Amino acid sequence: MNAIHIEAEDWLMTAALIGVVRLFENEDLITSSGVKLEKHHLKEIPKKYFDYLLTHFSIVDRDVDRMKWQVNRANIKPEQVKDCAKEIRKIMGEQAKKVEKYFADTDEAVKLKTLLDNLKAVKAGDDGSVIAEAVHEYKQIMSTPFINEKLTLNYVKAVILGPLYGQPSFLQPSFNAKTREAHEQQFYKDFVYAAELDFEFYEQVKDGYQLETLLPFLEEREEYKPFKDWLKKLKKMSSAEVLHAFFTEEQLPCSFVEGFIATQSFEEMVFSPLALSKEKAANFNWNFNRNTPVPISGLARLLLFLVPIGLTTYTRKVGSTTSGETLRFSGLILSQQLFPEIVKHNEQLFAERQKKGTTFGEAIVTVLADASAKAKKKSQSYMYVEFFSNYQAKKTLLDYYHMPGYLVNYLNNHGHSIFQLKHAELRDRFVRMLMKGIDTKQVVFDYIRTAIKEPFHAVGAFSAVKERKRLNEAKKGVSDLTNLDKDIKSINSAGAKLRHQYVRAAKSTEEKDVYKASGQKKLESIAYRLLNSVKAGNRHAFMDTVFRMYMGTGLTIPTIFTDINKEQGLDFETIASAFITGLLAEDRSNSKEEAKANG
């Protein structure tokens with residue numbers, strides 16, 4: 001049977017085709033620019049689709065991973081074992097209610113209830129093995145196929161698929177009580193069957209439109225509404241010319257699959273993040289057609305249901321480091337390279353995110369650094385697409401991060417230095433901003449503010465200062481991105497030396513029974529003042545505070561501060577930020593960790 005070739009022309013179809021590749025991982029479907037599909041592949045999709053979802057989004061694995069954190073906590077701090085048991089019981093209790101709802105009369109439901117009672121009886125004197133055994137038993141109970149399938153399916157529909165498609169077909173809540181087989185059948189009926197018919201029509205007309213063969217073809221399949229509508233009009237036609245004009249001039253082509261004729265429209269329930277409701281959209285290229293604002297085929301509709309499988313999903317905090325909400329995002333790496341290479345990049349990203357504790361920043365930097373190295377320093381351009389969507393709330397957050405050519409040099413040589421930014425949320429923000437080509441100084445300022453409250457973050461904040469300067473040098477086309485590292489380290493060391501002297505001087509003036517703020521508290525106050533001066537670009541206020549500190553300790557002001565008003569060399573933000581991070585850092589003399597962290 002002939003195959004249809006589908007091009008990965010945009011990020012949406014690229015994600016869908018990566019989804020196809022993951023479903024058919026043991027078959028060679030990939031071409032240089034997309035995927036080739038035969039009709040028999042379509043019939044196999046429902047089973048493979050649900051196999052994939054149940055394997056990669058298992059509710060049991062997700063819950064056990066969450067519980068293991070509490071088990072480890074209990075082993076490290078035995079005195080907290082009762083609190084850990086309470087948290088684990090809370091997680092189990094959420095799932096126990098669902099098991100009770102669907103499988104109340106089963107042995108598993110009874111065992112789960114007993115397990116919860118045992119956890120409730122955990123005492124402060126018990127050791128961590130008690131809850132570890134409970135977690136192991138929970139995994140055995142919940143891994144029972146009919147329980148795991150039911151709860152995982154409902155989770156996937158609510159958390160993975162529902163936000164992107166609303167509630168069409170098997171995503172409706174009324175389907176929650178039905179079996180996996182019922183889900184597969186409904187998926188085939190509502191999505192695969194239409195794709196098969198569109199595929200058959202494509203094969204029927206690929207060599208030309210012939211009335212004598214097309215009429216019986218449509219009559220045999222007139223239960224499919226588009227075919228029924230066409231059939232009514234075709235019966236009135238008398239020539240091949242009129243027939244050809246009908247399909248090439250009156251019918252709209254599919255927007256995603258070349259050679260296919262549109263049989264439906266791209267709207268909210270097809271893929272919510274990029275769609276408009278039909279009432280609010282019009283096709284400006286086809287007489288302002290409001291019934292089909294974005295024409296698509298049944299095959300395209302089916303492929304768009306595979307988009308979540310082709311993406312990498314992860315949670316991300318939106319807002320500041322102190323407030324905000326955690327949302328579930330999805331992402332995709334694109335490049336100018338051939339489709340097989342794009343697939344490899346995204347497989348690596350997916351694998352990196354599967355590692356326990358790996359953040360978005362670590363994953364994306366690892367993939368892009370490796371990809372850049374393999375490109376042998378050629379000027380490659382990459383783009384990262386990231387989005388959050390909630391169909392019910394009619395809300396979508398969509399970002400396109402472009403990685404310009406100058407970043408290739410940076411990632412080749414210094415990409416993994418970003419891992420020295422130990423604060424996960426700030427590191428991820430740093431990565432997003434560098435991929436957008438935006439100056440990362442706002443992340444540096446936020447990192448410093450965090451270090452003022454928690455001094456152990458000062459090393460990471462200094463790394464952020466250093467990497468920001470390297471990035472700015474890369475933008476200018478500088479090849480040696482370490483050319484200013486020595487100066488930046490010198491400024492940081494000056495801040496550390498001043499801190500040591502300042503704290504010692506404050507201690508020497510302390511008087512018994514007279515309260516005075518400690519040197520550490522005074523430094524925090526001064527650091528806030530210095531940071532505010534930097535953010536405002538006020539060089540005079542910054543230097544005035546620095547002069548006063550040096551006068552109070554008797555130290556000589558480093559000559560590096562004479563560069564603060566120069567246009568060449570280090571910029572004001574770098575000098576000031578490096579100095580403040582040194583001022584905040586705790587005494588790290590003779591620390592090998594410091595030497596390693598600061599390069």
Side-chain angles (χ1 to χ4, degrees), residues 2-7 9-10 12-13 16-17 20 37-39 41-43 45-46 165-166 168-170 186-211 213-237 242-272 274-279 281-283 285-307:
N2 293 328
I4 178 72
H5 185 262
I6 306 163
E7 298 279 341
E9 292 186 332
D10 52 44
L12 188 56
M13 193 51 58
L17 296 184
V20 172
L37 279 180
E38 296 181 9
K39 185 185 171 186
H41 291 126
L42 304 183
K43 197 175 291 290
I45 285 179
Y165 305 102
S169 187
F170 62 89
Q186 195 67 35
F187 185 34
Y188 176 82
K189 177 183 175 183
D190 291 345
F191 304 108
V192 179
Y193 183 57
E196 287 181 331
L197 292 177
D198 283 1
F199 199 110
E200 291 172 4
F201 180 81
Y202 167 80
E203 290 189 317
Q204 181 72 28
V205 303
K206 69 178 187 296
D207 296 324
Y209 296 94
Q210 299 176 3
L211 201 59
T213 57
L214 197 52
L215 281 174
F217 172 85
L218 295 176
E219 285 173 345
E220 290 176 8
R221 300 162 177 80
E222 65 176 327
E223 76 279 0
Y224 188 39
K225 189 178 183 305
F227 286 4
K228 186 176 182 179
D229 294 340
W230 295 347
L231 188 59
K232 291 178 182 178
K233 297 180 180 179
L234 263 59
K235 286 180 177 180
K236 300 177 182 178
M237 297 179 185
V242 175
L243 178 65
H244 183 270
F246 173 75
F247 282 110
T248 58
E249 297 178 15
E250 293 186 39
Q251 300 304 306
L252 301 176
C254 175
S255 301
F256 295 105
V257 184
E258 185 177 354
F260 274 53
I261 291 178
T263 51
Q264 48 192 290
S265 181
F266 189 104
E267 50 189 290
E268 285 178 306
M269 65 179 179
V270 174
F271 191 70
S272 174
L274 292 180
L276 295 171
S277 62
K278 290 174 70 172
E279 292 76 16
N283 190 321
N285 298 313
W286 198 267
N287 296 329
F288 295 94
N289 186 317
R290 290 190 176 275
N291 294 322
T292 316
V294 182
I296 62 173
S297 62
L299 177 58
R301 174 79 191 278
L302 172 62
L303 290 173
L304 291 173
F305 238 92
L306 306 188
V307 169

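Throughout, numbering of the chain's residues begins at 1 and tracks the sequence. Only a predicted model underlies this, so the values are computations on that prediction, with no experimental measurement involved.
- Shown here is Lys206, whose NZ atom has more than 12 heavy atoms of other residues, nucleotides or ligands within 6.0 Å.
- The minimum heavy-atom distance linking Ser169 with Asp190 is given by the pair OG-OD2, 2.5 Å.
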**Request:** Would you sort out whether Asp10 and Phe256 count as a side-chain contact (heavy atoms from CB on, under 4.5 Å), showing the intermediate values?
**Result:** CA-CA 9 Å; Asp10 52 44; Phe256 295 105; 3.8 Å; yes

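- Counting heavy atoms from C-beta on, the side chains of Glu7 and Met13 never come closer than 4.5 Å.
- Ring orientation note: the planes of Phe187 and Phe305 are tilted relative to one another, at an angle of 30° to 60°.
- Among all heavy-atom pairs drawn from Leu243 and Met237, the shortest one is CA-SD, 3.8 Å.
- Across every non-hydrogen atom of Gly259 and Tyr202, the tightest pair is O-CD1, 3.5 Å.
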In residues 220-228, what donor-acceptor pairs under 3.5 Å come from side-chain atoms, sequence neighbours left out?
unit_1	atom_1	unit_2	atom_2	d
Arg221	NE	Glu200	OE1	2.8
Arg221	NH1	Phe217	O	2.9
Glu223	OE2	Tyr193	OH	2.3
Tyr224	OH	Asp198	OD1	3.2
Tyr224	OH	Thr263	OG1	3.2
Lys225	NZ	Asp229	OD2	2.9

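- Here the closest non-hydrogen pair linking Ala16 and Leu306 is O-CB, 4.0 Å.
- Other residues, nucleotides and ligands place no more than 12 heavy atoms under 6.0 Å from the CD atom of Glu258.
- Taking the six-membered ring where the residue is Trp, Tyr209 and Phe247 present parallel rings, their angle staying beneath 30° rather than reaching 60°.
- Closest approach of Pro295 to Ser255, counting heavy atoms only: O-OG, 2.7 Å.
- The two atoms that bring Leu234 and Leu211 nearest to each other are O-CD1, 4.0 Å, heavy atoms only.
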